[in-house]
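Keep in mind that what you see is a predicted model, and the values were worked out from it rather than measured.
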Amino acid sequence: MALFLTACEKDNLLQNDSDTGKFYLQATIENRVVTRSPYTLTAPTVDYPLHATVYASTHNNAYPNSGDNGQGGSETVAIHTTANFQNSGPQLLNGAIYPKKSNGDPYDVNFVAFYPQTPWTAQADGTKTEFTFDGSQDVMFAPQIVGRYGAGYPTISFKHLLTWLRISIMAENEDVSIAWGKIKSIKIKSKNHVTVDLSHTDSNVANLVTYDNDTPLPFYATGSNNTIFPNASGYTLPYDKFHEVAYVLCAPVVAPVVEVIDGVDTEVGEYLLYIESEKRNALVPIYLYKDATTRFDKSTRAHRFDIKLLFHMGSSVSASGAVVDWFTGGIGYGGLDE
């Protein structure tokens, strides 16, 4: 079942289906971004539709997928379906209607939604759902809203669940570029699995999601959807200027990250990069800052950080950045150790 509606079709359906109890939903995205893979708009358009998965349920704090659709005398709804939102106005969700009570009043129906549309795996009782991401996807969750026929069009609001990092790189000079050789791989230490708890509601999305499964995620070429950077031939470090080359969407952390080292609480990098070149391998911890002197001090979820890596002779690299949107993230600093 899919949601697809042009403006004219929508207007006609709203006029002709005024008493059928069909679902109409609206969709918004929490903030605007500019890139190829993360969703870039605050509302869907025909050119950039939002392909999502939608769960609808009359159950309390549960979204099973029993196929109940409120039709044929059924008083319950419990379906998982898909939606292709094409604008910010009300759009038809096919396959179900608001069920009615014995006195004719409609039941409330709960909705949650997820992006990307690639199947999410829900528990049989509908209290949790999960997704494994690969670093190229802008994973989003729209928390529960309640709809009732005749009470207007409910709006589902998608929230970004990951952190967006963009990488620009440059060698200090030609000799440095030659000394490092071609970059063969850049990865980031991250979790790659998210679980959303649907058994309760909370205004703070962070209280509904958990992340697990530590794994190195690859970076993806700037301007692509899922092309791993660098390609098989490697990437020669430029030395004329910084070149933005790659991005990754990774699990968020709460900054600053503190670990006990030799019995002392010590701030460590929020993220760790694994860099492999033709002539050396290196680990690069990244420290996140609001500005040149102030450490970033909250969850990185839904924040973007632009990181510039400047490669030097020997085994060092300096990192700096610029304040950016999605929300404003800040600056990333790092040090390179061989």
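A donor-acceptor contact shorter than 3.5 Å links the side chain of S177 to the backbone of L237. Using modelled atom types, one side-chain atom of Q117 and one backbone atom of A83 make a donor-acceptor pair closer than 3.5 Å. Put simply, the side chain of T222 gets close to the backbone of A246: a donor and an acceptor are under 3.5 Å apart. Although no hydrogens or angles enter the test, the distance criterion places a donor-acceptor pair under 3.5 Å between the side chain of T163 and the main chain of T300. Side chain of T266 to main chain of V264: a donor-acceptor pair is present (N/O by atom type, distance under 3.5 Å, no hydrogens or angles). One N or O on the side chain of T129 and one on the backbone of T121 form a donor-acceptor pair closer than 3.5 Å. Looking only at distances, a side-chain donor or acceptor of S277 sits under 3.5 Å from a matching main-chain atom of W180. Remark: side-chain polar atoms of S57 are paired, donor with acceptor, to backbone N or O of A62 under 3.5 angstrom.
L25 has its side chain out of reach of Y153: every pair of non-hydrogen atoms, C-beta onward, lies at least 4.5 Å apart. Side-chain contact between F131 and T118: present, with at least one pair of heavy atoms (C-beta onward) separated by less than 4.5 Å. Here the side chains of P99 and V77 are in contact, with some heavy-atom distance below 4.5 Å. The closest side-chain heavy-atom distance from V253 to F296 is not below 4.5 Å. At least one side-chain heavy atom of I169 sits under 4.5 Å from a side-chain heavy atom of Y235. Residues L249 and V139 form no side-chain contact, since every pair of their non-hydrogen atoms from C-beta on lies 4.5 Å or further apart. Under the 4.5 Å side-chain criterion, counting only non-hydrogen atoms from C-beta, L272 is in contact with L283.
For Y55, the ring-ring contact (aromatic ring centres under 6.0 Å, His included) partners at least two apart in sequence or on another chain are H80, F114. Contacts of Y107 classified as ring-ring contact (aromatic ring centres under 6.0 Å, His included), with partners at least two apart in sequence or in another chain: none. In terms of the salt bridge (Lys or Arg N to Asp or Glu O under 4.0 Å) criterion, residue partners of K184 (sequence neighbours excluded) are, by chain and number, E276. Under the salt bridge (Lys or Arg N to Asp or Glu O under 4.0 Å) criterion, D108 pairs with R148, sequence neighbours left out. For T294, the side chain to side chain contact (heavy atoms under 4.5 Å, CB included) test picks out K290, D291, with sequence neighbours left out. Annotation: salt bridge (Lys or Arg N to Asp or Glu O under 4.0 Å) contacts of E172 (sequence neighbours excluded): none. For F111, the ring-ring contact (aromatic ring centres under 6.0 Å, His included) partners at least two apart in sequence or on another chain are F23. Residues meeting the side chain to side chain contact (heavy atoms under 4.5 Å, CB included) test with V254, sequence neighbours left out: S299. Listed by chain and number, the residues in a salt bridge (Lys or Arg N to Asp or Glu O under 4.0 Å) with E278 amount to none (sequence neighbours excluded).
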Yes or no on side-chain contact (heavy atoms from CB on, under 4.5 Å) for I156 and F85, after CA distance, side-chain angles and deciding distance? CA-CA 11 Å; I156 51 178; F85 294 100; 3.7 Å; yes
One pair to check against side-chain contact (heavy atoms from CB on, under 4.5 Å): F219 and V245. What are the steps and the verdict? CA-CA 9 Å; F219 278 78; V245 294; over 6 Å; no
Test D306 against R304 for salt bridge (Lys or Arg N to Asp or Glu O under 4.0 Å), laying out the working first. CA-CA 7 Å; D306 284 1; R304 187 187 106 195; 3.0 Å; yes
I'd like to know whether T215 forms a side chain to side chain donor-acceptor pair (under 3.5 Å) with N213, so could you lay out the CA-CA distance, the side-chain angles of the two residues, the decisive distance to 0.1 Å, and finally the verdict. CA-CA 6 Å; T215 187; N213 193 31; 5.7 Å; no
Carefully, step by step, assess L273 and I286 under the rule side-chain contact (heavy atoms from CB on, under 4.5 Å). CA-CA 7 Å; L273 303 186; I286 300 297; 4.0 Å; yes
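Nearest heavy atoms, G269 versus P285: CA-CB, 4.3 Å. Nearest approach of P218 to K187, heavy atoms of both residues: CA-CG, 4.0 Å. Considering every non-hydrogen atom in both A113 and F158, the closest pair reads CB-CZ, 3.6 Å. When every heavy atom of G181 is checked against every heavy atom of K279, the shortest pair comes out as N-CD, 4.2 Å. Of all the heavy atoms in I186 and P230, the pair that sits closest is N-CD, 4.2 Å. P252 and Y271 get closest at one heavy-atom pair: CA-OH, 3.5 Å.
Crowding of Y239 atom OH: a count of heavy atoms from other residues, nucleotides or ligands under 6.0 Å not exceeding 12. For D262, the CG atom is loosely surrounded, since the number of other residues' heavy atoms within 6.0 Å does not exceed 12.
Here the CD-CG distance, from Q144 to N61, works out to 6.0 Å after rounding to the nearest 0.5 Å. Expressed to the nearest 0.5 Å, how far CZ of F133 lies from CG of N192 amounts to 6.0 Å. Annotation: the span from S157 atom OG to M140 atom CE amounts to 11.5 Å, rounded to 0.5 Å. Taking OG1 from T210 and CD from E130, the interatomic distance works out to 9.0 Å, rounded to the nearest 0.5 Å. The line from CD1 of I29 to NE2 of H160 is 7.5 Å long, rounded to the nearest 0.5 Å. Distance CG/L217 to OH/Y274: 10.0 Å, rounded to 0.5 Å.
Listed by first and then second residue, the ring pair (Phe, Tyr, Trp, His ring centres under 6.0 Å) pairs that reach into residues 192-218 come to none, sequence neighbours excluded. Among residues at least two apart or in separate chains, salt bridge (Lys or Arg N to Asp or Glu O under 4.0 Å) pairs with a member in residues 265-274 are E267-R295, E270-R295. Among residues at least two apart or in separate chains, salt bridge (Lys or Arg N to Asp or Glu O under 4.0 Å) pairs with a member in residues 207-219 are K191-D214.
Hydrophobic clustering (ILVMFWY, side-chain heavy atoms < 4.5 Å, transitive): V109 and V146 are in distinct clusters. A single hydrophobic cluster is seen to contain both I261 and V257, as judged by linkage of ILVMFWY side chains at heavy-atom distances under 4.5 Å, directly or through other members. M170 and I178 fall into different hydrophobic clusters, where Ile, Leu, Val, Met, Phe, Trp and Tyr are joined by side-chain heavy atoms under 4.5 Å apart, directly or via other members. One hydrophobic cluster, built from ILVMFWY side chains closer than 4.5 Å, holds both V268 and I275.
For the 3.5 Å distance criterion, the side chains of N103 and D105 qualify, holding a donor opposite an acceptor.
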